[in-house]
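Encoded as structure tokens, the structure appears first; notes follow it.
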Amino acid sequence: MKRRHPVRCGLDLLGKHILPPMLGFAMLLAIWWFTAAFLTNLMPDPLTALRENREYLLNPFYVRGPGDVGIGYLLLHSLRRVLIGFALGTLVAIPFGFLIGLSDTAKRIFYPVVQILRPVSPVAWLPVALAVFNLANPSAIFVIFITSLWPTVINTAAGVSSVPKDYFNVARVIEMPRWKQIIKIVLPASLPYIFTGLRISLGIAWLVIVAVEMLTGGQGIGFFVWDEWNRLNLSSVMLAIVVIGLTGLALDVLIGKAQGAFRKWEVEG
Amino acid sequence: MNPMNPINTDKISDNIPSGRPLLEIRNLAKSFQLANGQSSVIFDGLDLTIHENEFVAVLGHSGSGKSTLLRMIAGLESVTGGNISLRGQAVNKPGKDRMMVFQNYALLPWLSVYGNIRLAVDEVMKDRSAQERDSIVREHIAMVHLEDAADKKPGELSGGMKQRVGIARALAVQPLLLLMDEPLGALDPFTRARLQDQILELYYQRHQTIVLVTHDVEEALVMADRIIVLKAEETASIGQVLKVPFGHPRDRKALREDPRFHSLRNQTLDLLERYFDERKQKAHVG
């Protein structure tokens with residue numbers, strides 16, 4: 001490899017990885033500023049918003065009463081709901097995906113149901129959940145549970161049914177029992193697909209929790225958005241948007257890292 | 001020995017192997033159900049005996065049913081009629097006594113070389129201690145000269161290396177019969193020649209009975225004691241059985257200079273071409 005001058009290297013980094021994203025954010029801020037200045041009186045410009053959010057930013061974990069806690073706590077509440085719902089959904093979705101992927105009969109029975117329920121916005125399940133649980137928090141978790149099902153079920157089933165036939169032939173000639181084939185061959189072979197499903201599920205769950213919390217109320221980043229809008233406090237709404245975005249990105253990066261460990265053997269078989 | 005002819009000719013006169021019958025195929029029939037409800041008959045009454053310590057090549061062009069035959073012996077494909085027996089025991093499902101080497105290697109990509117072989121050894125030799133199984137795996141990795149790659153994943157190996165893992169995995173469980181389904185078909189000619197020599201070496205060391213499916217006439221001539229040439233007309237059948245007049249061990253260079261090698265090769269190629277043309281004509285008429 002040719003040695004490169006450190007200054008050249010630094011310039012390259014600046015030109016390729018620092019300046020272009022900054023330009024993008026600058027455009028976004030310009031649009032924000034334009035909207036605030038000319039299109040509505042309710043919205044603060046970026047600098048005003050930053051000033052008004054000082055308290056939230058400096059002290060994200062304050063508690064001044066049940067209805068007034070820092071944005072850090074709100075975020076943790078929302079994350080908790082998402083992670084519980086996602087975990088429950090995953091526990092159901094992976095075995096269910098295996099069943100559909102391994103058995104044609106199971107596929108014929110369940111796939112039409114999955115196909116019809118999959119396009120339904122998970123928020124539509126909220127009234128059903130409220131009727132059953134009578135409580136906001138379990139209902140929100142239930143909606144996230146439903147959200148986390150479909151992408152994982154469909155991707156797991158696809159992964160399981162696309163395990164190369166030769167892998168099974170190997171298992172058969174060494175007389176490996178069926179249950180062991182599922183653990184030792186089908187599961188590792190379909191892990192890349194399963195992770196793709198999990199990644200999509202978690203991404204959608206994070207989208208959906210905001211909408212659900214707007215409807216259910218209680219403590220959470222979603223209700224915070226709606227509550228602050230009702231107080232016509234758009235500075236907080238803008239802050240929440242940034243926080244939701246950064247958290248979603250962090251979740252995606254985390255699960256992407258886990259997925260990356262299995263990617264290597266996705267390409268070849 | 002005649003210096004003009006450096007090939008070991010001990011077995012020439014006595015080429016029908018002296019071993020006892022290992023695998024017996026009697027009146028074998030196989031047909032597939034087609035999508036339109038009709039059935040397509042591949043074999044109808046095939047007989048074949050393979051003897052212990054024999055190296056048999058099954059030769060034929062694509063569509064001649066040679067892979068189907070091998071897969072039926074492996075138990076991976078059901079038979080429609082007749083029977084296959086191994087040492088007198090009927091064969092109707094896959095088993096560790098008949099290990100298969102697959103054309104596209106069939107290695108599990110998330111396991112290392114060691115892991116792939118260990119998986120098979122663990123499953124087949126449950127009664128041995130972990131230590132014994134470990135040493136069996138190591139011994140077979142050494143046998144195919146892959147010690148340095150033992151911890152590598154299949155994705156990091158060349159095609160030839162992958163197939164050596166496939167061969168080591170198959171031999172590690174000590175099968176009665178080694179079945180090879182075009183094992184070298186995806187390799188370049190040079191790698192192929194080297195692997196042929198390695199397989200022959202293993203054949204000598206272990207007195208392993210081998211059935212090799214191939215479409216490469218030279219490969220069959222270099223390696224096998226007997227070549228079963230399949231001919232596919234409406235159904236596939238054994239067109240001719242060629243006895244290979246060369247003894248073991250074989251020297252590739254010496255074979256290349258042997259006039260009998262050339263005449264056998266040409267004879268076999270002619271035969272295959274004739275079968276192929278006949279089939280095309282039948283297909284046109286039908």
Pair B/T49-B/R26, side-chain hydrogen bond (donor to acceptor under 3.5 Å, both in side chains): steps then yes or no: CA-CA 8 Å; B/T49 302; B/R26 291 289 166 267; 2.9 Å; yes
Proximal component of A/K184, with respect to chain B [non-hydrogen, under 4.5 Å]: both
Sequence neighbours excluded - side-chain hydrogen bond (donor to acceptor under 3.5 Å, both in side chains) pairs with any residue from residues 148-161 of chain A: A/T152-A/S201
In residues 179-187 of chain B, what donor-acceptor pairs under 3.5 Å come from side-chain atoms, sequence neighbours left out?
from, atom 1, to, atom 2, distance (Å)
B/D181, OD1, B/S67, OG, 2.8
B/E182, OE1, B/H215, ND1, 3.2

Salt-bridge present (B/R87, B/E24; N to O < 4.0 Å): no
Crowding at NZ, B/K93 (>12 non-hydrogen neighbours, <6.0 Å): no
Heavy-atom neighbours of B/R194 CZ exceed 12 at 6.0 Å: no
CD/B/Q89: more than 12 non-hydrogen atoms of other groups inside 6.0 Å: no
CZ (A/F168) with more than 12 external heavy atoms under 6.0 Å: yes
Aromatic centroids of A/F86 and A/F145 separated by under 6.0 Å: no
N/O donor-acceptor pair under 3.5 Å between B/R164 side chain and B/V144 backbone: yes
Within residues 119-141 of chain B, residues adjacent to chain A where the heavy-atom gap is under 4.5 Å: B/L119, B/A120, B/E123, B/V124, B/K126
Per-residue contacts, residues 69-80 of chain B versus chain A, heavy atoms under 4.5 Å: B/R71, B/G75, B/L76
